[in-house]
2 protein chains.
Amino acid sequence: MSNTGKEPATGTQALDRAATLIRTVVQADEPLSFVDLFEECGLPKSTTSRLLTALERTELLERNGDGSYVAGPLFWLYATRHDPWEELVRLARPTMEKVGKDTLETVNLAVPRGDRVVQVAQVDTPYMLGTRDWTEVEVPAHCSALGKILYTHAVLELPTGRLDQLTEHTVADVDDLRRDLDRGRRRGYATTVDELEIGLTGVAAAVRGADGTVIASLGISGPSQRLQGRLDLVGHTLIDRADQLSVLLRRRTRKEGAA
Amino acid sequence: MSNTGKEPATGTQALDRAATLIRTVVQADEPLSFVDLFEECGLPKSTTSRLLTALERTELLERNGDGSYVAGPLFWLYATRHDPWEELVRLARPTMEKVGKDTLETVNLAVPRGDRVVQVAQVDTPYMLGTRDWTEVEVPAHCSALGKILYTHAVLELPTGRLDQLTEHTVADVDDLRRDLDRGRRRGYATTVDELEIGLTGVAAAVRGADGTVIASLGISGPSQRLQGRLDLVGHTLIDRADQLSVLLRRRTRKEGAA
DNA sequence: AAGCATGTTCCATAATATGGAACCGCATTC
DNA sequence: GAATGCGGTTCCATATTATGGAACATGCTT
């Protein structure tokens, strides 16, 4: 009936409806009562009941104490077996590709691991001159935009003492760095110009996870010449994209109007 | 057809079959080709094809480059939003309850967090005299069986220097502790008798995650009087149960015979 | 070119899912 | 303590929907 898509989708009505139920439960990520699902999906009561019972029996959904539905054992199983970062990368991929289209520079996603920053995914620039693949390569956090974001949001602990001075522009003094981070915090994005390598500029923004805390940073890097003059533009693009990704990761809290 | 269960399951054939496909893919946790699924689930080819197409359309499954099926975006989404430990607890619950039935003592599950051990789940003893609920309470690792397991498998770094001496039986010397751990490693389970508190005994075994590394320890604790004499029995029960849980967590590698 | 393995599409058939209505159990309310 | 409303399940005649055998594509290999 309400075939919003353009797909023919023949011979799978029951399954499609069941999938809608599963999707609703998983995306809501908050126990949904029978009525919630019934209303949200607009299926007849009896059908809803029948499908939900089957989904529960097959462990795709589960009912908790008060009878409301949550994702079932099969979802837990998947979750325990997979590194959340591995999944973050998959979910972030489309966003990163959009950033690539927006900026035409090398795009990176970084997460904290211990007291280090690691880049976990990369989308390459179409230009010949670009940043090498440094996925899994560790770069000093204080001279990378990605790292600065993580410092700013206290996901990574600020080091003490003198920092490595990689170039003449590297901010090697902790207090200077703190000031730099503060500036970044106000703007919403972090930058590093010639601080890691002469001629290399990076820009990054924060990605928030399900609980609202910063879990990763999304950034680009490229030749300083190509980026100077559009740092602010690129910064805001990154903020927007990072926010979009955060929304995707965020549990969608029920729109108040619950029973 | 092959209705192994005793459920009537009426009006949901299509959905049940689809669920079988999903389950097979998620449990295998390795890309499965169309033929794998076709053979594994024993459904007609055309039906399999139709269902798989629908599952892919609804993002419950996904095909990767070579056309084989893996868990889809809905599973990633769930995984990124949930702490794997939260899921571990859910999956471990039944095992823990079995241990509770086996031993009649308080059952605990602990994981390393930073350089500490935290108990993340507990099943209580039916006896009046039992261990209090110390979920989320931190206990010195060197005098808890749960902690010793984590030390043994190097998931937790062995401290240096003198350790806190909580009772006269506490193993406070690192070298002594190392010897204690070695004994535990050989036996397969760790114990602590009167080391944390006089009269309190604990026993624990290792739980391994998807990649085969130790990720948690499963143990019991109770009055030393009730446990003395059956430490070895309880130890082996714990080893068995912990192994069962590990199997559940372990990716089921395809039974070699792949194409 | 032929053979084979992997997947998909077709379509007549009937088995299957459908959904309106009746029903159940349980709180609230009067 | 009857009555009303709410959340959910069960029934069952109906026809819509899924089914599956066979034919058809689409690469590979021989």
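Here the structure is a predicted model, which means the values were calculated and not measured.
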So, does the side chain of K45(B) form a donor-acceptor pair with the base of dG7(C) at under 3.5 Å?
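By the distance-only test, yes, there is a pair.
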Can you check whether any acceptor in the base of dG7(D) is under 3.5 Å from a donor in the side chain of S33(A), or vice versa?
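By the distance-only test, no, there is no pair.
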Residue closer to the 5' end of DNA chain D, A14(A) versus Y69(A) (nearest nucleotide)
Y69(A)
Does CZ in R116(B) sit with more than 12 non-hydrogen atoms of other residues, nucleotides or ligands closer than 6.0 Å?
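Counting other residues, nucleotides and ligands, CZ of R116(B) stays at 12 neighbours or fewer.
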For [X] and [N], what is the distance between atoms [atom1] and [atom2] respectively, to the nearest whole Å?
{"X": "L52(A)", "N": "dG7(D)", "atom1": "CG", "atom2": "C1'", "answer": "13 Å"}
{"X": "E56(B)", "N": "dG7(C)", "atom1": "CD", "atom2": "C1'", "answer": "13 Å"}
{"X": "L15(A)", "N": "dT18(C)", "atom1": "CG", "atom2": "C1'", "answer": "16 Å"}
{"X": "L55(B)", "N": "dA18(D)", "atom1": "CG", "atom2": "P", "answer": "13 Å"}
{"X": "L21(B)", "N": "dT19(D)", "atom1": "CG", "atom2": "P", "answer": "11 Å"}
{"X": "L51(A)", "N": "dT9(D)", "atom1": "CG", "atom2": "P", "answer": "12 Å"}
{"X": "D16(B)", "N": "dA15(C)", "atom1": "CG", "atom2": "P", "answer": "18 Å"}
{"X": "F38(A)", "N": "dG19(C)", "atom1": "CZ", "atom2": "C1'", "answer": "11 Å"}

Under a 3.5 Å threshold, yes or no: a donor from one side chain and an acceptor from the other, between [X] and [Y]?
{"X": "S246(B)", "Y": "D243(B)", "result": "no"}
{"X": "E87(B)", "Y": "Y78(B)", "result": "yes"}
{"X": "S33(A)", "Y": "D36(A)", "result": "yes"}

Proximity to the side chain of V35(A) - top-ranked nucleotide from dA18(D), dG8(D), dG20(D):
dG8(D)
From dT9(D), dG20(C), dG20(D), nucleotide with atom closest to P44(B) side chain:
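For the P44(B) side chain, the nearest candidate turns out to be dG20(D).
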Is the backbone N or O of L249(B) less than 3.5 Å from a side-chain atom of R208(B), with the two atoms forming a donor-acceptor pair by type?
no
Taking only side-chain N and O atoms of [X], does any of them lie within less than 4.0 angstrom of OP1 or OP2 on [N]?
{"X": "Q13(A)", "N": "dA17(C)", "answer": "no"}
{"X": "R50(A)", "N": "dT10(D)", "answer": "no"}
{"X": "R17(B)", "N": "dT19(D)", "answer": "yes"}
{"X": "T47(A)", "N": "dG19(C)", "answer": "yes"}
{"X": "S49(B)", "N": "dT8(C)", "answer": "yes"}

Approximate separation, where rounding is to 0.5 Å, of F38(A) CZ and L43(A) CG
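With rounding to 0.5 Å, CZ (F38(A)) is 8.5 Å from CG (L43(A)).
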For DNA chain C, which residues in residues 60-68 of chain A have a heavy atom at a distance below 4.0 Å?
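The answer is none.
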Non-hydrogen atoms of E62(A) and E56(A) that approach each other most closely
CA-CG, 4.4 Å
Distance-only criterion, 3.5 Å: show the donor-acceptor pairs between side-chain atoms of residues 68-75 of chain A and protein atoms not counting sequence neighbours.
residue, atom, partner, partner atom, Å
S68(A), OG, N64(A), OD1, 3.0
S68(A), OG, D66(A), OD1, 2.7
Y69(A), OH, R63(A), NH1, 3.2

